[in-house]
Amino acid sequence: MRMVLALLMVLGLVVAPGAAVNAAPVAQAREHKVGYDKYSLTVDGERIMVWSGEFHYFRLPSPELWRDVLEKIRAAGFTGVSLYFHWGYHSPAPGVYDFSGVRDVERLLRMTEELGLYVIARPGPYINAETTGGGFPAWLKNVDGRARSSDPGYTAAYREWLGRINPILARHQVTRGGSVIAYNAENEYGANVDPLYMEQLQEKARADGIDVPIVHNNCCNGDLPNWSSGQGAVQIPGVDDYPQSFNCPDPGTWGTWGEGVTRRLRDDAPVYAAEYQAGAIDLNNAGYEKCRELTGPDYMKVYYKSNAIGSGATMFGYYMLYGGTSWGWLPQPNDVYTSYDYGAAITESRGLTTKYDEFKRQGYFMTTVAPLRKTDPAAAPKPSDPAVFTQARSNPDTRTQFVLVRHTDRRASSDLSTTVDWATPDGNYSVPVRVNGRDAKILVAGYDLGGQRLVWSNSEILTHVTVDGRDVAMLYGREGEQGSTVLRYSSAPDVRVLEGDVRSSFDGKDLRLDYTHSGLARGLVSGGGRPPMLLLLGTDETAARFWRMDTGAGPVLVRGTSVVRDAKMAGDKLVLRADTDAPGDVEVFAPARRLVVGGKHVETRRTPSGSLLGALPGPRAVTLPALSDWRYRAEPPAFGDTGWTVADRTTTASPIKPKTLPVLYSDDYGYHHGNVWYRGDFTAEGTEKTVSLNAITGKGGSYLVWLNGRYLGSALGGTQADSEAPVNRDPGRGDFPVPEGLLAKGKPARLSVLVTNMGHNDDWTADDTRFKQPRGLFGAVIGDAKVSWQIRGARDNDVERGPLNTGGLYGEREGWHLPGGHGRWERPPATTGPGVSWYRTDFRFDAPRDQDVSVALRFGERAGKYRVFVFVNGWNMGQYVNGGPQRDFVLPAGVLKTANSLSLAVVSTEPGPGAPVPVSLVQLGNHRTGGPLR
Ligand code: GAL
């Protein structure tokens with residue numbers, strides 16, 4: 001490993017930690033040098049702030065919408081994204097890999113390049129992520145050798161995957177003109193570790209052409225093995241922090257899992273907040289709105305700002321920015337259901353929340369103010385009130401200071417006003433500071449803000465741009481709070497207040513502005529020996545109405561619209577792609593005389609602020625169709641005679657051995673996802689009293705049993721066996737009395753069992769016991785009968801929709817879920833028995849081409865014990881479990897087309913009405929986009 005690194009350094013591909021890197025004009029060179037030192041990553045010698053967050057392409061089966069989400073991420077000021085790559089999503093079987101359609105990760109990487117976002121590439125092989133098998137393909141369950149170790153079987157398997165994904169990532173590295181700036185080896189590899197494996201993973205990456213720094217995300221703030229030194233060490237060890245835990249039912253929780261200040265793990269590498277909590281899994285079914293509250297703007301203010309100043313991190317990966325949908329068989333069953341909304345800043349239906357606004361406020365600051373990229377801890381100004389806590393960093397070159405202000409007791413809720421004695425680079429000042437409970441601010445002193453000198457401010461900096469030689473700066477504070485900003489001039493500048501109440505005084509060197517944060521105040525400062533400045537002073541809310549976009553002619557500011565996707569200068573025109581969710585103002589601060597939005601010229605007038613002001617229309621109302629005209633089809637037990645596989649194996653690779661033989665695990669027969677049917681044929685004795693079964697389905701699964709076509713009942717599937725404590729050799733047990741007279745001596749008999757398997761467990765503990773837990777029947781006893789078993793699961797891999805789309809319901813095998821519907825459908829009967837009932841209808845979705853209308857399928861109330869698999873145009877968009885936490889199933893554009901088919905496979909363990917479960921289409925967002933989302 002060390003040798004490989006040394007070689008790359010000689011080749012100039014990886015710069016030694018701390019070494020100087022030559023500056024090169026970034027815009028001209030296609031290939032760049034990536035380096036790093038204790039402060040930050042560098043590209044061609046320039047320090048960069050990797051302000052990024054996580055996005056899972058595999059949770060949005062619509063490449064057109066990847067761009068939508070990435071544009072929204074960029075619009076909030078993010079400079080990068082952190083991307084897991086999901087082995088199992090691409091590989092239905094050993095040696096088979098697919099990177100087409102919704103799996104076209106090269107397209108994804110090209111989008112990041114077009115948008116100028118850096119990528120932290122995280123290809124695992126293990127990724128966790130609450131996805132089936134933690135990202136492992138289910139066929140790996142049949143491979144000998146402990147997963148996440150250097151065992152040969154596993155090694156050969158993961159090299160197959162890395163041999164495919166690494167070259168793709170390598171092609172897209174910053175060093176080759178692409179976006180990939182770092183490569184994450186493994187994932188929270190802290191339990192049962194094998195340093196040789198960690199080393200070999202990196203050797204493989206280097207051999208496959210990865211030359212950017214290798215990073216790792218350590219769980220639990222550095223306490224477990226963190227790969228900062230010794231065999232298997234990575235160049236930039238990072239840390240995962242989830243300070244709020246996943247306690248969504250109690251969103252008032254504060255810091256259950258600590259202070260969340262990312263530890264420095266190496267002195268020669270930047271501090272990397274690899275996964276910093278930006279939402280939560282809904283472990284206790286509280287609903288994602290509660291998770292959003294748990295990790296809301298107040299938490300973000302206190303924890304993110306405390307982390308930035310506490311650690312000096314310059315690499316961040318907020319987990320998640322957009323969670324998306326664990327469609328098909330993507331969910332890992334223990335922790336999540338279909339929705340992976342995560343309470344993130346961007347909702348599953350791609351809406352922007354108040355968390356997004358807070359990200360934008362912090363992100364614009366973190367990425368505009370360059371001295372933040374190189375800071376050391378510094379003496380903090382002392383507050384006069386001990387209830388206020390301060391902490392500081394400063395840039396050793398510019399001496400710019402950054403001071404965190406918050407409550408000393410993190411949980412306190414009082415509103416405090418105090419002063420701090422601040423020794424700024426430009427002199428000593430007594431600065432008034434106001435801090436609310438569960439709030440924090442980063443105040444700046446000694447900063448060259450464009451052509452101005454900011455001495456200090458107790459308002460926070462949103463961002464600033466320079467337009468036509470004039471600085472435009474936006475500062476903000478909480479509504480109603482006092483604010484002061486001090487700027488330095490060589491002579492008295494002219495101050496003209498255009499809007500709001502701003503008082504100014506000049507003492508011969510300092511211009512002091514005093515104001516109350518309310519709405520949006522504007523002041524023009526000119527003269528005083530500096531270029532002119534427009535100062536915008538707003539509140540949290542007004543700050544969030546601004547968008548900063550880079551154009552070829554420098555950055556511009558836009559006020560209004562619900563998002564700005566892109567901005568370009570074309571001659572004297574500013575050309576925007578922007579959305580609106582309501583009619584309203586659009587104001588631009590740009591070197592422009594004309595404005596074009598969504599391809600249309602917008603009438604504007606020049607304002608006293610020097611901006612252009614116009615108005616934009618909102619979206620037109622859209623009506624969604626009612627779902628009616630349902631047709632029906634029954635799936636009788638173990639229907640059809642084709643497609644069965646004889647189940648007669650006596651050995652298994654699973655560490656959990658079955659209770660009875662033959663082995664009936666579905667994975668052992670190549671059926672890895674979703675429902676499987678079993679049939680067991682035997683010659684009856686006539687004396688059998690009970691059918692005793694065990695099934696391991698993963699949490700939330702169940703099974704239904706028929707004997708000679710008669711329904712015997714159902715039971716819940718088990719979730720553990722053998723090596724879990726307490727040892728359970730009797731998981732998912734169901735005992736079903738044999739009805740009197742159903743079996744006759746010497747007569748053939750048939751047992752039919754439908755097992756609803758859930759996804760596969762993860763392998764967080766790296767010991768196979770969870771991941772290699774079987775799915776399907778674990779044991780079967782019918783008196784003394786000798787049973788011949790057969791099993792039937794999914795037909796073939798659905799090449800378009802991928803290996804996780806389809807299970808082994810008979811209707812799925814026959815294409816009842818696909819457009820076209822295949823075969824004869826009938827009017828629904830008055831009642832249905834237990835088992836599988838299919839319902840189907842068609843509907844149109846006609847949204848105007850220039851509108852982004854977000855749609856979900858909503859389940860209404862109907863009593864009963866049933867679950868429903870939702871298929872839209874053949875795409876398995878999730879599993880509704882009656883009584884479960886999720887009622888809305890988001891249907892992304894791309895899956896949703898103009899003409900649509902909807903199939904519902906209802907698995908019911910009791911008789912029910914013949915009508916389908918009540919469902920309707922609902923609108924979760926409506927935006928005018930000015931053109932198709934592409
Ligand atoms: C981390 C893990 C992620 C995800 C997260 C919780 O431990 O690295 O993959 O599982 O926890 O959502």
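Just so we're clear, the structure is a prediction, and the values are computed from it rather than from any experiment. First listed ligand is number 1; within each ligand, the first listed atom is number 1. Computed from heavy atoms alone, side chains included, the values below leave out hydrogens, waters and symmetry copies.
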Nearest neighbour of atom 6 (C) of ligand 1 from the list Met320, Glu275, Glu130, on a heavy-atom basis: Glu130
Tyr322-Tyr342 aromatic ring centre distance below 6.0 Å: no
Part of Tyr340 with heavy atoms under 4.0 Å of ligand 1, whether side chain, backbone, both or neither: side chain
Geometric class of the Phe246/Trp257 ring pair [parallel <30°, tilted 30-60°, perpendicular >60°]: perpendicular
Proximal atoms of ligand 1 relative to Tyr84 (non-hydrogen, under 4.0 Å): 2 (C), 3 (C), 8 (O), 9 (O)
Close aromatic pair by centroid cut-off 6.0 Å: Phe136 and Trp161: no
N or O pair under 3.5 Å between Ala129 and ligand 1: yes
Ring centroid separation Tyr276 to Tyr303 under 6.0 Å: no
Within-cut-off N or O pair, Ile127 and ligand 1, under 3.5 Å: yes
Distance-only N or O hit between ligand 1 and Trp764, under 3.5 Å: no
Check: Tyr304 ring centroid to Phe359 ring centroid under 6.0 Å: yes
Distance from atom 7 (O) of ligand 1 to nearest protein heavy atom, with residue and atom: Glu188 OE1, 2.5 Å
Tyr337 ring center near Tyr288 ring center (under 6.0 Å): yes
Atom indices of ligand 1 within 4.0 angstrom of Asn187 heavy atoms, with elements: 2 (C), 8 (O)
Val239 and Asn226, any side-chain heavy atoms less than 4.5 Å apart: no
For atom 12 (O) of ligand 1, the protein heavy atom that lies nearest, with its residue and separation: Tyr342 OH, 2.5 Å
Close side-chain approach of Asn805 and Trp327, heavy atoms under 4.5 Å: yes
Taking atom 5 (C) of ligand 1 as the reference point, the nearest protein heavy atom with its distance: Tyr242 OH, 3.3 Å
Distance filter under 4.0 Å to Asp240 heavy atoms, resulting ligand 1 atoms: 8 (O)
